[in-house]
Amino acid sequence: MIILVNEQQVQVDDQTTVAALLESLGYPDRGIAVALNQAVLPRSGWQTTLSDGARLEVVTAVQGG
């Protein structure tokens with residue numbers, strides 16, 4: 001199935017969770033925020049299984065100023 005991650009199409013299996021996707025895309029375990037279908041997803045919800053057409057936004061924290 002196809003989902004969008006930061007507006008980029010990504011093909012995933014139908015049992016893929018948010019956590020598994022983030023790991024496969026190389027995102028770090030800490031310092032990121034995730035929104036699923038325009039709703040902030042707390043870390044406790046990262047075991048949510050993705051569905052076809054899901055929209056994921058991933059924001060990484062950047063240090064500096």
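When a residue number appears, it is its place in the shown sequence, counting from 1. Because the structure is predicted, anything quoted here is derived from the model rather than measured.
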Query raised in the report: Is the backbone of Met1 close enough, under 3.5 Å, to the side chain of Asp52 for a donor and an acceptor to pair up by distance?
Result: no
Report summary line: What one should report as the nearest heavy-atom pair of Ala54 and Leu36 is CB-CD1, 4.0 Å
Query raised in the report: So if you build clusters from Ile, Leu, Val, Met, Phe, Trp, Tyr with side-chain heavy-atom gaps below 4.5 Å, do Leu21 and Val59 land together?
Result: no
Query - Residue pairs fulfilling side-chain hydrogen bond (donor to acceptor under 3.5 Å, both in side chains) with at least one residue in residues 29-44, sequence neighbours excluded - result: none
Query raised in the report: Is Trp46 reaching over with its side chain to a backbone N or O of Val34, donor-acceptor style, under 3.5 angstrom?
Result: no
Requested in this report: Applying side-chain contact (heavy atoms from CB on, under 4.5 Å), run through Ile2 and Val10 and close with a yes or a no.
Outcome: CA-CA 6 Å; Ile2 302 291; Val10 177; over 6 Å; no
Query raised in the report: Passes side-chain contact (heavy atoms from CB on, under 4.5 Å), Leu56 versus Leu4? Steps please.
Result: CA-CA 6 Å; Leu56 206 67; Leu4 290 176; over 6 Å; no
Report summary line: Applied to residues 6-22, the side-chain hydrogen bond (donor to acceptor under 3.5 Å, both in side chains) test, sequence neighbours excluded, yields Asn6-Tyr27, Glu7-Arg55
